[in-house]
Amino acid sequence: MASTITKKMKGKISGLKLGYMNTAVTGLVTELKAIRFYMKNDVRGEVFSFVLVDDSAEMRVSVFGKDLRSIWEVCNTSDAVRIAGGMVKTSDPRYNSTNNPMEVSLSVDSKGSIYRSNEFPTVSERACNYTGISDLQNVRLQENVDVLGAIDTLQPPEEVMTKAGKRINVAKVIIVDQSCRSVSCTFWGSSSDQAVN
């Protein structure tokens, strides 16, 4: 668990620095992933991740522990959570969907903690750097971008077979922005269900 002092201090995601979190951060939970199991040094552990968003930035948070079901439920049923006691490190771009070069690793069996919060950050005030659909042609391949638009066409999820032989749901959406330009977006796996809800 985080120290009492750390839990009482309030910070912003944009103010976090590499190393031990010296302040608690409150934000909205987005992109919550399912609990996965892993083995390290013959010890079985659990991990899940989510993106924490406040009015200053967003950041991927990975939560580690031996039994994470109740903590995952807090993240799943809460609009906002308060995290403390994590380690801020350089993010791994293979897993990080945000533009933040850092992420938080939180061990709830050690010093990390996650609590339901009644504070609701005003995320809408955050200055987003949206890319116009007409400017997507100038974006590097596999670079993360934010696009703002309205859904024009929605194809319900359908099951497809991947090259690896795995069955997965896919939904296709066409988004139109203020310039009346459109782009097709494909949502894979659990995000395909979110696209239609």
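Only this structure's heavy atoms are used, side chains among them; waters, hydrogens and symmetry mates stay out. Sequential numbering from 1 along the given sequence is applied to the chain's residues. Predicted model only: the values in this text are computed from it and were never measured.
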Measure the spacing between [atom1] of [X] and [atom2] of [Y] and express it to the nearest 0.5 Å.
X: C75; Y: L32; atom1: SG; atom2: CG; value: 6.0 Å
X: I114; Y: F50; atom1: CD1; atom2: CZ; value: 4.5 Å
X: I133; Y: I175; atom1: CD1; atom2: CD1; value: 6.5 Å
X: M59; Y: E103; atom1: CE; atom2: CD; value: 8.5 Å
X: I71; Y: E73; atom1: CD1; atom2: CD; value: 11.5 Å
X: E58; Y: T30; atom1: CD; atom2: OG1; value: 6.5 Å

Is [Y] close to [X] at the side-chain level, that is, under 4.5 Å between some pair of heavy atoms?
X: N99; Y: D146; answer: yes
X: E31; Y: T98; answer: no
X: L18; Y: M102; answer: yes
X: V61; Y: V81; answer: no
X: F64; Y: D109; answer: no
X: S62; Y: Y95; answer: no
X: R60; Y: N100; answer: no
X: I174; Y: K172; answer: no

Looking at every heavy atom in both [X] and [Y], which two are closest together, and how far apart are they?
X: G65; Y: V108; answer: CA-CG2, 4.3 Å
X: M39; Y: D42; answer: CE-C, 3.7 Å
X: V104; Y: G86; answer: CG1-CA, 4.1 Å
X: A24; Y: A84; answer: CB-CB, 4.0 Å
X: A80; Y: T26; answer: CB-CG2, 4.5 Å

More than 12 non-hydrogen atoms from neighbouring residues, nucleotides or ligands closer than 6.0 Å to CZ on R36, yes or no?
-> no
From CA spacing to verdict: side chain to side chain contact (heavy atoms under 4.5 Å, CB included), D152, S182 = CA-CA 8 Å; D152 181 56; S182 64; over 6 Å; no
Evaluate the criterion side chain to side chain contact (heavy atoms under 4.5 Å, CB included) for residue pair R116 and T77; output intermediate values, then yes/no.
-> CA-CA 9 Å; R116 186 179 321 272; T77 59; 3.1 Å; yes
Is a side-chain N or O of W72 found less than 3.5 angstrom from the main chain of V47, in a donor-acceptor match?
-> no
Please lay out, stage by stage, how I83 and M21 fare under the test side chain to side chain contact (heavy atoms under 4.5 Å, CB included).
-> CA-CA 9 Å; I83 67 168; M21 285 177 69; 3.9 Å; yes
Stacked cation flag K111 on Y20, 6.0 angstrom / 45 deg = yes
With K12 as partner, the option from T23, D54, D55 fulfilling side-chain hydrogen bond (donor to acceptor under 3.5 Å, both in side chains) is D55
Linking directly or through intermediates, with side-chain heavy atoms under 4.5 Å: list the remaining ILVMFWY members grouped with W188, chain and number order.
-> V160, I168, V170
